[in-house]
Amino acid sequence: MLMKNKILVTGGTGYIGSHTVVELQNAGFDVLIVDNLSNSSPDVINGIEKITGKKPELIVADCADITKMDEIFSTQPAIVAIIHFAASKAVGESVEKPLLYYRNNLLSLVNMLELSLKYGIHNFVFSSSCTVYGQPEILPVTESSPIQEATSPYGNTKQIAEEIIRDTVRANSSLKAICLRYFNPIGAHPSALIGELPNGVPNNLVPFITQTAIGLRECLSIFGNDYNTPDGSCIRDYINVVDLAKAHVVAVKRMLDNKNKQMLEFFNIGTGKGLSVLELVHVFEETTGVKPRYKIVGRRAGDIEQIWANASYANNELGWRAEEAITDTLLSAWKWEQALASKK
């Protein structure tokens, strides 16, 4: 009899995906990764194997290619759930290349939903984002906070994706889905064997901080110091990537154990605390003893002024909570950057 215990993780060699694969394997699941490697490296598989003692299966393919994906699904009868990460994710780039984001992020999602229905896979976890809230009028945001107009095409793809999932679940009673609305993932696995590894110039703050601190970048740009915040820089809810990864394991188990209260559920995955960009830079400096050079530049198109989570629903309903301190999280990012430098 076939043991159905496999989780399909799209984008599983990426930053959040790779950490989630580690936590899934640690929880006893078999994992199949599908990734086109557009913003990641197959070397990540080696890091995952060193951490868990088990090498996940990797198929290099693009989720936007329905023919190839159908072929993959037809040979994988043991899949019980899908975690869909695969998407383009840079806010600034999405403003410059909106069609790339709409094609890549939405077509891949539609394909995955169609195939999950075709092959009888009833559990779907979607990598959503706090960007669906736009610039909230009331902070912190809860899952019932209004969905404001998106400030970037990237944010809009997440809003549209949630609508697509909602309509699909409504029309198909066999399908269950959980949308995890991430806040700002940072840090690396404490082993320093996997972490955030952007291709080219980083779009996210922490790898830019660590690359500047280690000398790869001349200077960190802070986009705006004239926002309506205490120090003028944007405020975000920064969550440790391992804490975030564990939320996916909890979400999958919730559906497999039939503990979900609705066929479609939404959860904020954050710490419940806001830190400004300048505060984060200063905490990094105090924690590591290294002072990255930075300069204030103009605001970046698509950026939200301030947002942080009310994560109490995820805490109470999922039994999940963010555990890692910001200092330990930044130390893990720095340790990962040093490990990368030692390999060169």
Side-chain angles (χ1 to χ4, degrees), residues 8-17 20 33-40 59-73 79 81-119 121-134 146-172 175-183 185 199 203-204 248 251 263-267 269 301-304:
L8 169 60
V9 181
T10 71
T13 61
Y15 176 42
I16 304 170
T20 299
I33 297 171
V34 173
D35 201 307
N36 66 2
L37 304 179
S38 62
N39 195 34
S40 60
I59 296 177
V60 179
D62 192 330
C63 292
D65 183 345
I66 187 68
T67 304
K68 178 63 177 177
M69 292 308 300
D70 197 349
E71 180 185 309
I72 292 168
F73 272 75
I79 296 171
I82 297 168
I83 303 178
H84 184 51
F85 290 108
S88 301
K89 63 182 182 66
V91 169
E93 183 186 51
S94 78
V95 175
E96 297 167 5
K97 302 175 181 177
L99 293 178
L100 169 70
Y101 274 68
Y102 287 117
R103 180 187 298 111
N104 201 29
N105 293 7
L106 298 180
L107 182 56
S108 63
L109 171 67
V110 169
N111 287 347
M112 298 310 297
L113 288 169
E114 283 187 346
L115 292 169
S116 67
L117 293 170
K118 178 177 179 179
Y119 289 95
I121 301 164
H122 306 304
N123 307 295
F124 195 90
V125 177
F126 177 62
S127 165
S128 193
S129 167
C130 66
T131 56
V132 300
Y133 298 115
I147 303 297
Q148 306 280 2
E149 182 179 350
T151 59
S152 69
Y154 165 73
N156 202 27
T157 66
K158 293 300 184 182
Q159 290 184 359
I160 296 168
E162 287 193 359
E163 292 169 359
I164 291 170
I165 294 168
R166 181 184 290 111
D167 291 342
T168 306
V169 168
R170 220 173 251 161
N172 298 275
L175 184 64
K176 295 179 287 188
I178 291 178
C179 295
L180 299 179
R181 292 170 174 167
Y182 313 158
F183 282 69
N199 288 339
N203 285 296
N204 292 340
H248 296 80
M263 301 308 285
L264 173 61
E265 296 181 308
F266 302 88
F267 294 98
I269 306 298
D303 273 348
I304 292 167

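Just so we're clear, the structure is a prediction, and the values are computed from it rather than from any experiment. Scope of the values below: all heavy atoms of this structure, side chains included, with no hydrogens, waters or symmetry mates.
- Contact record, A161 with L106: N-CD2, 4.0 Å, taken as the closest heavy-atom pair.
- Between H248 and F85, a ring centre-to-centre spacing shorter than 6.0 Å is recorded.
- Here the NZ atom belonging to K176 is positioned 12.5 Å from the OG atom belonging to S116, to the nearest 0.5 angstrom.
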**Report entry** Worked verdict on I79 versus Y119 for side-chain contact (heavy atoms from CB on, under 4.5 Å)
**Finding:** CA-CA 9 Å; I79 296 171; Y119 289 95; over 6 Å; no

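- Atom-to-atom distance recorded for H84:NE2 and M112:CE is 6.5 Å, nearest 0.5 angstrom.
- Salt bridge status for R181 with E162: present, with a side-chain N to carboxylate O gap under 4.0 Å.
- Nearest heavy atom pair, residue S40 against residue T13, reads OG-OG1, 2.6 Å.
- The minimum heavy-atom distance linking A86 with S108 is given by the pair O-OG, 3.7 Å.
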Query raised in the report: When you look at K68 and E71, which way does the salt bridge (Lys or Arg N to Asp or Glu O under 4.0 Å) test go after all the steps?
Result: CA-CA 5 Å; K68 178 63 177 177; E71 180 185 309; 3.4 Å; yes

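- Remark: side-chain polar atoms of D70 are not paired, donor with acceptor, to backbone N or O of I66 under 3.5 angstrom.
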Report task. Applying side-chain contact (heavy atoms from CB on, under 4.5 Å), run through C130 and F183 and close with a yes or a no. Result -> CA-CA 5 Å; C130 66; F183 282 69; 3.5 Å; yes

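- Between N39 and Y15, the side chains place no donor N or O within less than 3.5 Å of an acceptor N or O (distance only, hydrogens not considered).
- The salt bridge (charged side-chain N to carboxylate O under 4.0 Å, His left out) search around D65 returns none, not counting sequence neighbours.
- With rounding to the nearest 0.5 angstrom, the CG atom of N104 is 12.0 Å from the CG atom of L99.
- Each of I164, I178, I82, L109 was checked for a side chain to side chain contact (heavy atoms under 4.5 Å, CB included) with F126, and the lone residue meeting it is L109.
- Atom OG1 of T131 sits about 7.5 Å away from atom NZ of K158, to the nearest 0.5 Å.
- If you take CG on L180 and CZ on F266, they are separated by 11.0 Å, rounding to the nearest 0.5 Å.
- Between the side chains of Y102 and N156, at least one donor N or O lies within less than 3.5 Å of an accepting N or O.
- The nearest pair of heavy atoms linking C179 to I165 is SG-CD1, 4.0 Å.
- Atom-to-atom distance recorded for Y154:OH and S94:OG is 9.0 Å, nearest 0.5 angstrom.
- Side-chain polar atoms of S128 and Y182 form no donor-acceptor pair below 3.5 angstrom.
- Here the side chains of F267 and E265 are in contact, with some heavy-atom distance below 4.5 Å.
- Contact between V34 and C63 at its shortest, heavy atoms only, is CG1-SG, 4.3 Å.
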